[in-house]
Amino acid sequence: MKLTVLGSGTSSGVPVVGCRCGVCTSLHPKNKRWRCSCLFEVEDKKILVDMGPDLRNQALTFNINRIDAVLVTHIHADHILGIDELRIYNVYQKAAIPLFGHQTHLDYIKNMFQYIFDPQRKYPSLVPHLTLTPVEGLFHIGAIPVQMIPCAHGDAGPTYNYRVGDIAWLCDTNGIPETSFDLLKNLDTLFIDGLRSNPHPTHFTINEAISVAQRIGAKKTWFIHLTHEYDHDLFNTTLPEGFALAYDGLCIEVP
Ligand SMILES: [Zn+2]
Ligand SMILES: [Zn+2]
Ligand SMILES: [Zn+2]
């Protein structure tokens, strides 16, 4: 199986609009961070995690030629505002795309995007065809087992993150419940929110993320949902062995 990081950035993306800092003006491709998202490829299935506002560019850049399912982590704008970009896949695949997520988040999406989900809609052009599929715990996409991992996200929480095989993607969190640690044993690769160094009410700082990741004990840990505080190459030299900043386009293959 394979995971591609489509976006490693925080809600503003990097560069931040209007910012002239060294990272935002850097030409280094690893200092450019689209909004947080990834693509799992398992057997013949392509499973997208979140549909943020950069989805169109991510799909073009990383040649995403089909999407079999979407896993929804939560309903913040940087994770759902690309929902309309899914409609082109309906055209190619001639089928609805299932959106898996917690019932509360799917209800919110249904309410927020009424032009998509209203059965009486008279919207004159093509809308995405999506099947809202509430899940909890362990569920399956085709034959592929997927584990939902509840995480705290401050007052905005919870976030429902996901583990597929031995890879876990934990975006937007500032706390892992004890019951979720139990679901994260024997990981090969962990992706975890490591927003910035200063405290934040809904995200881990990098030091909090490092200590949580040390407890989880994956073979390799990558930090995601990153601000413009990090110069990729410089900051990576400060991280302990086995830990690194993720970057857009990073591709991990696990047997
Ligand atoms: Zn976010
Ligand atoms: Zn900046
Ligand atoms: Zn969030």
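As the structure lists them, so they are numbered: ligands from 1, and atoms in each ligand from 1.
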Quiz item: Under 6.0 Å between ring centres, would you say that holds for Tyr162 and Trp169?
Solution: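 For Tyr162 and Trp169, the ring centres are not under 6.0 Å apart.
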Quiz item: With a 6.0 Å cut-off on ring centres, are His102 and His74 close enough?
Solution: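 Not under 6.0 Å, so no.
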Quiz item: Does a sphere of radius 6.0 Å around NZ in Lys110 hold more than 12 heavy atoms from other residues, nucleotides or ligands, not counting ones at 6.0 Å or beyond?
Solution: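 Open: at most 12 neighbouring heavy atoms sit under 6.0 Å from NZ of Lys110.
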Self-check item: ND1 (His228) - the Zn ion (ligand 2) - SG (Cys21) angle, nearest 10°
Solution: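 Between ND1 of His228 and SG of Cys21, at the Zn ion (ligand 2), the angle is about 110°.
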Self-check item: Apex the Zn ion (ligand 2) - arms SG from Cys19 and SG from Cys24 - angle rounded to 10°
Solution: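 If I round to 10°, I get 110°.
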Quiz item: How about His225 and Thr10: does a side-chain donor come under 3.5 Å of a side-chain acceptor?
Solution: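 On atom types as modelled, these side chains qualify, holding a pair under 3.5 Å.
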Self-check item: Residue list, ring-ring contact (aromatic ring centres under 6.0 Å, His included) with Phe113, at least two apart or on another chain
Solution: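 Per chain and number, Phe113 pairs via ring-ring contact (aromatic ring centres under 6.0 Å, His included) with no residue.
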Quiz item: Should the pair Arg66-Asp68 be classified as a salt bridge under the 4.0 Å nitrogen-to-oxygen rule?
Solution: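 Yes, Arg66 and Asp68 are salt-bridged.
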Practice problem: Tell me the protein N, O or S atoms under 2.8 Å from the Zn ion (ligand 3), in chain and number order. | Solution: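 Those protein N, O or S atoms (cut-off: under 2.8 Å from the Zn ion (ligand 3)) are His74 NE2, His76 ND1, His153 NE2, Asp172 OD2.
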Quiz item: Do we get Lys32 above Trp34's six-membered ring, with its NZ or CZ under 6.0 Å from the centre and within 45° of the axis?
Solution: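 No, Lys32 does not lie over the aromatic ring of Trp34.
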Quiz item: Measuring to the Zn ion (ligand 1), does His225 have an N/O/S atom at a distance below 2.8 Å?
Solution: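 Looking at His225, which is the residue asked about, there is an N, O or S atom under 2.8 Å from the Zn ion (ligand 1).
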